[in-house]
Every structure is written in structure tokens, then in C-alpha cells.
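The figures here come from the full heavy-atom set of this structure, side chains too, leaving out hydrogens, waters and symmetry mates. Every chain is numbered from 1 and lettered A, B, ... according to where its sequence line falls, protein lines coming before strand lines.
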Amino acid sequence: AQSVAQPEDQVNVAEGNPLTVKCTYSVSGNPYLFWYVQYPNRGLQFLLKYITGDNLVKGSYGFEAEFNKSQTSFHLKKPSALVSDSALYFCAVRDGRGYQKVTFGTGTKLQVIP
Amino acid sequence: DTGVSQDPRHKITKRGQNVTFRCDPISEHNRLYWYRQTLGQGPEFLTYFQNEAQLEKSRLLSDRFSAERPKGSFSTLEIQRTEQGDSAMYLCASSLVSSGDADTQYFGPGTRLTVL
């Protein structure tokens, strides 16, 4: 069975400071990893994904994530946080062997303080 | 490209009633997915279609739930004999399998179901 852990329910960061949202995963095959963001009363928006290749993945709105196979992690990062980044962030994993089921974590609320 | 749309956005029903939700994927997207999201949780996979074929179903999809995609375009999710535990946000997503972006699912705004 595949799973995702987001150990922090909430992350607070001051505007302009770097941010990190943590994610670890478990999957049998090669991991396909995703980050989505959810704003209030809106659907999930895709940020970035890792399928293969470079361990550092760049995505939308200045976000990036680093795939670490040995630590089974895929942490989301941004060098300088904006107040508008405040939202709910979900990490997700899929088994790369062809199954389409995507498993999401429970989400991390990011609060950027002005 | 108008994005994934879902209808209705909100549904309030009484326990025991049947409800049906509709999802219109992004035009020409051949994969369509249904998820359920409860408060404080991430989306949980329910089922997915490639064209009109339903290829994976979660154990969460009890016999009261049925999904269809008869012409490979829009999809419906029906819940029969609703229970209070069915109260959740039902999300639909789509993707285009033949593109270089095949693994990215694009989500709709969801249908919020409240069962009284």
C-alpha cells in the first residue's frame, strides 16, 4: 500500500523568509510525486511533480521540491515566502508501475505572516 | 480550455435520498478521476476512467456508489440511499494520457454534499 505523511499540520513563516513544507512517502514501485495547493473554496491546483530525472524540481509560483530517494522525502520549498502563498498544501504519491490511484497526505496549512 | 467543471457546487439532501453529481473534464482529456475529501483530510481516490472504461475502483466505493462515463466525455457519480457519513467534498479531476503532461491531474472546484 502507498502512503504519504505530512508531519506538520501547520507551518508559520514570516514574509520574505524561506519556507519548507515536509513530505515523506511510501510506495512499492518507483514514486511519482506531486504537490498541490488548495485555496479556500477552490479546487486543488497543481504546483509541481517528480517523475524521473533531476532530483530538484521547479514548479509554479517560484516553488520547488527536492526528491530524496534514500530518505523517501519530497519537501516543498520556496526561497522567499509571500503572504499570498498562505494556503493548504498537499503532497501526493502514485506508484509508477502504471496504477493510477494517487494517495494524498493530510495537508499542511501554510501561514505567511506579514 | 475552460478547466474541469462540476455541477452542482453544493447539494443538501436528507438521509436515504439518492444524489447524482456531474463532472465535465477539460476538453479531450481521456482520463477522469473521482475523489472524496472530508474536513481535515486529503482527497481519497474513488475511481478513474480511461475514455468510457472504468479501470480502477477503490474499496471506498461501496455498492451504494456508482460512476459512469458513457461517452467518454462527462461523468456522473451517483450515491444511493445517502448516509450522514457521505457528507464530504466530491472532487473530479482529468488528465490527457497521450500528452507529455499525462501524469498531471487537473481538478475541478468540487461538489460539497451535506446529508442531513
As a quick check of understanding, evaluate side chain to side chain donor-acceptor pair (under 3.5 Å) for Thr104(B) and Lys49(A), giving each step before the final call.
CA-CA 8 Å; Thr104(B) 302; Lys49(A) 66 183 177 185; 3.0 Å; yes
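- Counting non-hydrogen atoms of neighbouring residues, nucleotides and ligands closer than 6.0 angstrom, the CG atom of Asn17(A) exceeds 12 such neighbours.
- The part of Glu56(B) that comes within reach of chain A is its side chain, from C-beta onward, which places non-hydrogen atoms under 4.5 angstrom from that chain.
- When hydrophobic clusters are built by joining Ile, Leu, Val, Met, Phe, Trp and Tyr residues whose side-chain heavy atoms come closer than 4.5 Å, directly or via intermediates, Phe67(A) is grouped together with Val57(A).
- To the nearest 0.5 Å, atoms OH (Tyr50(A)) and CG (Asp103(B)) are separated by 12.5 Å.
- Among Pro43(B), Gly110(B), Pro109(B), the residue with the largest count of heavy-atom pairs under 4.5 Å with chain A is Pro43(B).
- One distance of note links CZ of Phe90(A) with CD of Gln41(B); it measures 8.5 Å at 0.5 Å rounding.
- Two different hydrophobic clusters hold Trp34(B) and Leu91(B) under the rule that ILVMFWY side chains link at heavy-atom gaps under 4.5 Å.
- Residue Glu68(B) places its CD atom among 12 or fewer non-hydrogen atoms of other residues, nucleotides or ligands, all under 6.0 Å distant.
- Proximity to chain A is absent for every atom of Gln6(B), based on heavy atoms less than 4.5 angstrom apart.
- For the atom pair Lys101(A) NZ and Tyr35(B) OH, the distance stands at 10.0 Å (nearest 0.5 Å).
- The neighbour count for Ile12(B) CD1, taken as heavy atoms of other residues, nucleotides or ligands under 6.0 Å away, does not exceed 12.
- For Leu116(B), the CG atom counts as densely surrounded, since its 6.0 Å shell holds more than 12 non-hydrogen atoms of other residues, nucleotides or ligands.
- Between the Tyr36(A) side chain and the Gln105(B) main chain, a donor and an acceptor come within less than 3.5 Å of each other.
- For OH of Tyr61(A), the number of neighbouring non-hydrogen atoms (other residues, nucleotides, ligands) closer than 6.0 Å is 12 at most.
- Shown here is Gln111(A), whose CD atom has more than 12 heavy atoms of other residues, nucleotides or ligands within 6.0 Å.
- Under the 4.5 Å side-chain heavy-atom criterion for ILVMFWY residues, no single connected hydrophobic cluster contains both Phe34(A) and Leu46(B).
- Summarising the local packing, CZ of Arg15(B) is surrounded by 12 or fewer heavy atoms from other residues, nucleotides or ligands at distances under 6.0 Å.
- Contacts of Gln45(A) with chain B are absent, with no heavy-atom separation under 4.5 Å from either backbone or side chain.
- Between chain B and the options Val102(A), Leu88(A), Ile51(A), Thr103(A), heavy-atom pairs under 4.5 Å are most frequent for Val102(A).
- For the atom pair Tyr106(B) OH and Leu44(A) CG, the distance stands at 13.5 Å (nearest 0.5 Å).
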Apply ring-ring contact (aromatic ring centres under 6.0 Å, His included) to residues Phe45(B) and Phe104(A) and explain how you reach the verdict.
CA-CA 9 Å; Phe45(B) 173 83; Phe104(A) 285 80; over 10 Å; no
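- Between chain A and the residues Gln50(B), Gln37(B), Glu44(B), the most heavy-atom pairs under 4.5 angstrom are made by Gln37(B).
- Remark: side-chain polar atoms of Gln100(A) are not paired, donor with acceptor, to backbone N or O of Tyr48(B) under 3.5 angstrom.
- For a residue to count as touching a neighbouring chain, one of its non-hydrogen atoms must lie under 4.5 Å from one of that chain's; by this rule Arg112(B) does not touch chain A.
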